[in-house]
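In what follows, a structure is listed as structure tokens, so that the remarks can point back to it.
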Amino acid sequence: MTIFAAPVFDATVIYEGHELFKGQGAAKGWAEKLAKELECEIGVEKFGTGWVLTGTVDGTPCKWHVYGQRLKRMD
């Protein structure tokens, strides 16, 4: 099963229309799962009032947030 299909039950906050992880610890936990899924280094970054996942995939910098209880790449 892909991590992108796993529900995110951690607390979230809304900032500028994006649903974000409320706590750094929760974001780090999901960053570890995403790193295993994508086989690359994933970190966390403060974004407004919450936290996003960050990394580089195929040479492209990416950020992920929560969307409908799933992870979604920010555009």
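The model shown is predicted, which means the values in this text are computed figures rather than measured ones.
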Margin query: With heavy-atom distances below 4.5 Å as the criterion, would you say the side chains of V57 and C40 are in contact?
Written below: yes

Check: Rounded to the nearest 0.5 Å, how far does CH2 of W30 lie from CD of E37?
Finding: 10.5 Å

Check: So, T12 and E19: side-chain donor and acceptor under 3.5 Å apart, yes or no?
Finding: yes

Item checked: Shortest non-hydrogen separation from A27 to L53 and the atoms involved -> O-CD2, 3.2 Å

Notebook entry, point to check: So, do K28 and F21 sit near enough that their side-chain heavy atoms are less than 4.5 Å apart?
Noted result: no

Margin query: Do Q24 and V44 have side chains that approach each other closer than 4.5 Å (heavy atoms only, starting at C-beta)?
Written below: yes

Next item on the list: Would you indicate whether the side-chain heavy atoms of W64 and V52 approach each other to under 4.5 Å?
Entry: no

Notebook entry, point to check: So, do K46 and W51 sit near enough that their side-chain heavy atoms are less than 4.5 Å apart?
Noted result: yes

Next item on the list: List the atom of V13, the atom of G50, and the distance in Å for their closest heavy-atom pair.
Entry: CG2-CA, 3.8 Å

Next item on the list: Output the distance between atom OG1 (T54) and atom CD (E41), rounded to the nearest 0.5 Å.
Entry: 9.0 Å

Next item on the list: Enter the distance from L38:CG to K33:NZ here, rounded to the nearest 0.5 Å.
Entry: 14.0 Å

Next item on the list: With rounding to the nearest 0.5 Å, note down the distance linking CG in L20 to OH in Y15.
Entry: 9.0 Å

Next item on the list: Taking all heavy atoms of A31 and all of G43, pick out the closest pair and write down the distance.
Entry: CB-O, 4.0 Å

Notebook entry, point to check: How far does CD of E32 sit from CD1 of I42, to the nearest 0.5 angstrom?
Noted result: 11.5 Å

Check: Under a single-linkage definition using a 4.5 Å side-chain heavy-atom cutoff for Ile, Leu, Val, Met, Phe, Trp and Tyr, are V66 and L34 assigned to the same hydrophobic cluster?
Finding: yes

Next item on the list: Report yes if the side chains of R73 and K63 come closer than 4.5 Å at any heavy-atom pair, otherwise no.
Entry: no

